[in-house]
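Below: one structure, written as structure tokens.
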Amino acid sequence: MTQAPEIQDEMPRAYEPGNIEDKWYRFWLENNYFEPVIDPDKKPFVIIMPPPNVTGELHMGHAITAALEDIMTRWHRMRGEPTLWLPGVDHAAIAAQVVVERQLAAEGTDRHQMGREKFLERMQQWVKECRQTITNQHKKLGISCDWSRERYTMDEGPSRAVMTTFQHLYDKGLIYRGERIINWCPRCGTALSDLEVDHMDLSGHLYYVRYPLAGESGSIVVATTRPETIVGDTAVAVNPNDDRFKSYIGKNVVLPAVNREIPVIADEAVSTEFGTGAVKITPAHDPVDFEVAQRQNLSFINILNEDMTMNENAGPYQGMDRFDARVAIVKDLVESGQLVKTEDYNHSVGHCQRCQTIVEPLVSKQWFVKIQPLAAPAIKAVRDGSIKVVPQRFTKVYINWMENIYDWCISRQLWWGHRIPVWYCLACEEIIISAGTPGTCPKCGSSNIEQDPDVLDTWFSSGLWPHSTLGWPDDTEDLNYFYPTSVMETGYDLIFFWVARMIMLGIENTGKIPFHTVYLHGLIRDDQGEKMSKTKGNVVDPLISMEKYGTDALRFALTTGTSPGNDSRLSTSKMESSRNFANKLWNATRFVVRNIADGQTATEIRRDSLPVEDRWILSRLDRTVATVTGLMDDFQFGEAQRQLYDFLWSEYCDWYIELAKIRLHSTSEDTLSPLPVLVHVLETSLRLLHPYMPFVTEELWQNLKRHLPSDWQQCESIMIAPYPETTAGAIDSGSEQVMESIIEIVRSIRNARTEHKVENSRWIEARIYAGELTQAITPHAPSIEALARARPVSIQDTRQEDGGEENALVLVLTGTEVVIPLESMVDAEAEKKKLEKEIAGTSAEVTRLEARLKDENFLSKAPPDIVEKERQKCYSLINKLERLRQQLLKY
RNA sequence: GGGCAGUUAGCUCAGUUGGUUAGAGCACUCGGUUCACAUCCGAGAGGUCGAAGGUUCGAGUCCCUCACUGCCCACCA
């Protein structure tokens, strides 16, 4: 084991994250804590990290991913499970190619000028730089992933998984090559899948164009948003039940501009409501028309070149750009009198997800995955709960999409990506599928063979990620032990792109689901709720935030107030309060450590002899352990975090430490030192918090460890220390009740001091009448004195009506009363008003409770413990009400 | 056109098998140089939980309707 980094003896006044983060990360790495030890007797916990794209630097989306996955990973590791978190990066075919193409454009060149080989070299170089940046940023985030198992989609293993899958699906008939309508991005020069097209509403026009009947008078008017496609029309379709057009069916019309005759046909797909009720059919450039044409056996006329100029089929418009052709044809239609009218019209237009260019639907020869046979088992796995989706509502979204899925176009006319493992024999036209480079055609023996120039959709390789990273198609130890994985944690925006494909391909390739749970997080927005984007300039850089507030603070801020699947905002105020919390812990530990004398805390905590505040904080700690564990089991990390925050700040620091100070300062030899409990609770809390704030908890824990009993010295790091569990007998409701009373008394005195403007330096007398609680509270008079700055504090059973209270303030509390004689005049009127207000509130509550407790329905239907609770509450409120009323009479 | 989410304090949000008089952070008001912490401490003010119905002994929480906001999906030219 590597020697632990040095801990300063004297802790600085404020936590300075910059000084400690790197040393601990190095220490963890050097000791291989991130690497799991395979133990066949234990069930492992496994997360495969969503691989960031090699498109630049990490953003807040990556940071929340890292934070959540590290929380889960560290938590399970501390619970003693062999825990694997496997990191990786994605070559991101189109996304990365677009980034580098932009760089080339800025340099005044492009990929075609460079040539394929040079361009790929340039890509490799970019990937190298990018991976370095990503790795450094991930390390800065403190994540405990197993770097020895890091994978890259273009590595030999994952690449072989891609080829193997392609071959397998081809052999099974699930991959085919066909001429079908696809989305074409003219800028990227490639086909896109439906998912890679973003639809945006644009304002345009609806043109009404008259098509004259061939050989007779009469005409049909059709409406179109893309008049340039007229030259590619091969029919006009009407609804078969539309009486307006029944007589036209079977006749021919003449296309304007190109004077070609096309038939009028009937098809159910045509709505009688929209436009004129007659639709021009352009099978090669519209997905709906494509389907109509298939049904009706119509011909296809491609009118576009790949650069989106009109081709030889466009007659007079040949050579024009698609949008120039639109203008030209409209002009011609106006001149020929065939444009009936033009309406303003907003319609949705597809844009390339990566470069925002308007895409064009066109018929093209591409490779497709026949998806339904893959979708069926993937639907089943989620529907029957084999794969659990958190939050559950996304189950419906997933199933709905999967049930309406179309075949997946997987070929891309890009250069960057996995080359399609297909060779064509130029001699006999044989199609050869091969992972390696085949020398000759196996059918005719010709060596005149050529590889398909295209690459695969990047999501094809990502879809294999959970098994390809673990060694598939080989039968590896990792694959056998770690697969299926435990949790797939990612953003909800990736359900279709990625999650669905991993489930389909995972089941197909391995026969097993790829993961048991899908945890989906929301988008991180800016403090105004806007999506962060470079163009808006509202991007918050994780590195800068980490520099400024510390890694723990950024991570804590990201998971503050989040719940699964919900978007959240990141604000400086969240990062500040998270930083403040880290500093609070720092100082609490600083306080504890300072008070420790060597060996002092080594004593075992003997629960039977502890004062009430010790039993109280131990009881509260135990409840916190139970609550936090329960919430984390349920993936409620934001809420678990809040529970820890509240416990540490509002209970441990605000009350327990303050109470402990009194005993620490005590000169009496009978006083039991609070240090063992002080240390125990802090130490346990640090372990509870470690998955959320790994760095500060490690530093503080190491600091504290030096003072812990010897059996703790063997544990080298908090990150491999056991996660706290509940302790039998720790819950102590009696002590909790007494402490609640003490807190109430202290608060009421403080409040009275403030309201009556008692200077801080002045001590005031307080007489407490505690009834049943007298015995329990009496030993704590010194605590009340110190915390409320009240002296002397006397505690008696019942209040003596012996006068001396003319100018005293009487505070009626839940089970107790506090009398404070004041030198200054008590404003009787004001006190009376306050009392009346409190009486009104209490009395209303009592009325409600009494009614409920008289209600037969309530008594018979509500669970007994609830009834009992309500009854107790009612008693105590009646009692308080009575005392409030008596007090009122005195004014 | 379908679907989903959100609507709780001035702002940002928690509140998960329905069960105290609904919470936090930030902001605000007042007071604090007591030896862990001013990145702090103490005290306070601030909410008919979007609207209207319903189920229930009991509703912020479950059901119905509506309004507004946001998101996703979709082949009406």
Side-chain angles (χ1 to χ4, degrees), chain A residues 11 13-15 181 199 206 222-226 229 237 269-271 273-276 278-282 286-292 345 347-348 361 391 393-394 396-397 400-401 404 492-493 495-496 522-523 527 529 549 553 560-563 565-569 571-574 576-595 631 634 636 638-639 642 645-646 650 653-654 657-658 661 665 747 750-755 757 759-761 789 841-842 844-845 848-849 851-852 855-863 865-867 869-870 872-873 877:
Chain A
M11 296 172 72
R13 282 175 70 88
Y15 172 48
I181 193 147
H199 291 273
L206 192 56
V222 298
T224 180
T225 53
R226 298 185 297 158
T229 63
V270 180
S271 159
E273 311 284 319
F274 191 87
T276 61
V279 192
K280 60 192 273 313
I281 301 295
T282 320
D286 183 284
V288 182
D289 294 1
F290 181 82
E291 284 182 15
V292 171
Y345 187 63
H347 60 137
S348 116
R393 64 173 185 271
F394 286 109
K396 227 172 124 179
V397 178
N400 184 52
W401 185 76
N404 296 294
Y492 63 70
D493 51 331
I495 296 176
F496 307 139
L523 250 59
D527 54 356
Y549 301 99
T560 294
T562 57
S563 40
N566 288 351
D567 293 355
S568 58
R569 301 186 190 196
S571 58
T572 50
S573 95
K574 263 188 193 172
E576 277 167 9
S577 56
S578 300
R579 174 202 58 192
N580 296 354
F581 180 54
N583 188 59
K584 186 74 180 176
L585 293 174
W586 180 266
N587 275 291
T589 308
R590 183 162 166 256
F591 169 81
V592 171
V593 168
R594 269 193 187 179
N595 280 284
L631 287 165
D634 212 18
Q636 305 290 329
E639 182 63 7
R642 195 184 62 83
Y645 180 100
D646 284 350
S650 311
C653 289
D654 285 355
I657 286 186
E658 293 309 314
K661 281 179 185 171
H665 296 156
R747 286 207 165 122
R750 285 172 173 171
N751 173 290
R753 293 181 61 110
T754 303
E755 290 206 340
K757 307 212 186 310
E759 311 89 85
N760 274 25
S761 56
R789 296 186 73 73
T842 311
E845 182 61 13
R848 240 190 52 201
L849 283 170
R852 188 178 298 174
D855 189 330
E856 272 310 315
N857 272 322
F858 175 68
L859 296 174
S860 59
K861 287 178 184 168
D865 57 315
I866 295 290
V867 175
K869 221 165 137 186
E870 298 283 87
Q872 287 301 333
K873 200 172 93 191
L877 282 180

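What's counted below: heavy atoms across the whole structure, side chains too, no hydrogens, waters or symmetry copies.
Of the candidate nucleotides G19(B), U16(B), A77(B), A77(B) has the atom nearest to the side chain of S271(A). For N583(A), the side-chain atoms get nearest to C37(B) when compared with the rest of A77(B), C37(B), U20(B). Nearest to the side-chain atoms of W401(A) among the listed nucleotides A36(B), C73(B), C41(B) stands C73(B). With distances taken from any side-chain atom of N751(A) to the nucleotides A36(B), A43(B), A77(B), the minimum falls on A43(B). Comparing A5(B), G58(B), A36(B) by their nearest atom to the side chain of R393(A) picks out A5(B). Ranking G19(B), A14(B), U16(B) by closeness to the Q636(A) side chain, first place goes to U16(B). Each of A77(B), G42(B), U34(B) was ranked by its minimum atom distance to the side chain of T225(A); first place goes to A77(B). Nearest to the side-chain atoms of V288(A) among the listed nucleotides C75(B), A14(B), A43(B) stands C75(B). Checking A14(B), C35(B), C40(B) against every side-chain atom of N566(A), the shortest atom distance belongs to A14(B). Here the side chain of T754(A) is nearest to one of U20(B), A43(B), A77(B), namely A43(B).
E576(A) has no carboxylate O lying under 4.0 Å from a charged side-chain N of R579(A), or vice versa, which leaves the two without a salt bridge. Ion pairing between a basic and an acidic side chain is recognised when a charged N comes within 4.0 Å of a carboxylate O; D646(A) and R642(A) show such pairing.
Ring-plane geometry between W401(A) and F496(A) is classed as parallel, the angle between the planes falling under 30 degrees on a 0 to 90 degree scale with a further cut at 60.
Residue contacts shown for R13(A) are limited to sugar-phosphate atoms, with no base heavy atom under 4.0 Å away. Heavy atoms of K757(A) sit nowhere under 4.0 angstrom from any nucleic acid atom. Heavy atoms of R226(A) sit nowhere under 4.0 angstrom from any nucleic acid atom. Among the heavy atoms of the strands, none lies under 4.0 Å from L631(A). Nucleic acid contact for V279(A): base, since at least one base atom lies under 4.0 Å from a heavy atom of the residue. Looking at heavy-atom distances under 4.0 Å, F496(A) makes contact with sugar-phosphate atoms alone, never a base.
Within the shown strands, C66(B) is the pairing partner of G50(B) under the Watson-Crick or G-U definition, both distances less than 3.5 Å.
One atom, CZ of R750(A), and another, P of G31(B), lie 18 Å apart when rounded to the nearest Å.
Side-chain atoms of R753(A) come within 3.5 Å of backbone atoms of R789(A) as a donor-acceptor pair (strictly under, hydrogens ignored).
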